[in-house]
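Note sheet for the following structure.
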Number of protein chains: 2
Amino acid sequence: MTKDDVAGGDRNHHSPADDVETYMREGPGKRFIEPRILFLLSRGPAHGYELLGRMDEVPMPGPVPDTGAVYRRLREMEKGGLLISAWDERDSGPRRRVYSITAQGGRRLAAWVEAMRRRMQTLQSFLDLYEEKRS
Amino acid sequence: MTKDDVAGGDRNHHSPADDVETYMREGPGKRFIEPRILFLLSRGPAHGYELLGRMDEVPMPGPVPDTGAVYRRLREMEKGGLLISAWDERDSGPRRRVYSITAQGGRRLAAWVEAMRRRMQTLQSFLDLYEEKRS
DNA sequence: AATATATATATGTCAAATACATATATCATA
DNA sequence: TATGATATATGTATTTGACATATATATATT
């Protein structure tokens, strides 16, 4: 059930499903949560809620990820050795789990960056091929 | 269960999960099957098996999609009005369902192309931001 | 003649990622 | 006292596609 299978008519003109935004997104599937988190934490430790509010600082395809997905991913990344966390000591306010990136997390970020470079090249090749055809 | 949670040790040196290939892929999730099919069919009608063999002609992130995924996607795309198919008439060989792209499919391809352009720009912004930090 | 391989299309099943909804608790302000 | 911001977390449903398997035709090899 996609948003454009309202069926009937509508077969001749521009349909809502042709909207570019629909194809900018990956989902469901990768929303690039991991590289977003790694990038933000490479600039210094932060807790989940802060990261959540700063997700839009990282230029990545697709909308910013969901709250639950981010917290869950943070735990998984810690389990995988990419991050470490500690409860902060504050005498007031709800407790926060502060995350830091590990050396392994740094290498993972480097891998993501290289992947993004290659991805750009791939997309450029696709666009070249597409233009070539119609020039 | 990812291929790098073999656990124990291995925390200090380059782990197999840092391999760039792992992050070039989208999966599970979009394998860009739709734009691949649309692009190939924009050059002329073809049947599923042929498209399958020519998937690698389209530069797209990630590995070429699975057989079953392609056939299933072809049917869905036809149902959505992006393609039309007809059984070819051959006196020999297994029967083939030959697909052609529709006008709507052409518009969808255009949307994908524009999405790819924007995606490239987004990735460039990410890389710029990353370099900026470390220069 | 029997077997294997290429061509060709299709379905069954499972796991991964994550959106959406909800639950919990602290603290400040109206 | 109620509302909203801060802060973390879990329950559940959906989507996508890999992997495996099933079916059939035709050709090449033994």
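The chains referred to below are lettered A, B, ... by the order of the sequence lines, with proteins before strands, and numbering in each begins at 1.
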Output one letter per nucleotide in nucleotides 6-11 of chain C: B when a protein non-hydrogen atom lies under 4.0 Å from the base, S when only the sugar-phosphate is that close, - when neither is.
-BBBBB

Sidechain N-carboxylate O distance under 4.0 Å for A:Arg118, A:Glu114
yes

Assess whether a salt bridge exists between A:Glu50 and A:Arg54, defined as any Lys/Arg side-chain N lying under 4.0 Å from an Asp/Glu carboxylate O.
yes

How long is the line joining CZ of A:Phe32 and C1' of C:dA17, in whole Å?
13 Å

Does the plane of the ring in A:Trp112 sit parallel, tilted or perpendicular to the ring in A:Phe32? Use 30° and 60° as the thresholds.
perpendicular

Atom CZ of A:Arg31 and atom C1' of D:dT16: how far apart are they, to the nearest Å?
12 Å

List the steps and the verdict of side-chain contact (heavy atoms from CB on, under 4.5 Å) for B:Val64 and B:Arg36.
CA-CA 9 Å; B:Val64 297; B:Arg36 283 185 204 259; 4.1 Å; yes

Salt-bridge criterion met for A:Arg117 and B:Glu131 (N-O under 4.0 Å):
yes

Mind calculating the distance between CG (B:Leu74) and P (D:dT16) to the nearest angstrom?
15 Å

How close or far is atom P of D:dT16 from atom CZ of B:Arg36, stated in whole angstroms?
16 Å

Hey, mind stepping through B:Phe126 and A:Met60 against side-chain contact (heavy atoms from CB on, under 4.5 Å) and telling me if it holds?
CA-CA 7 Å; B:Phe126 170 73; A:Met60 277 290 156; 3.6 Å; yes

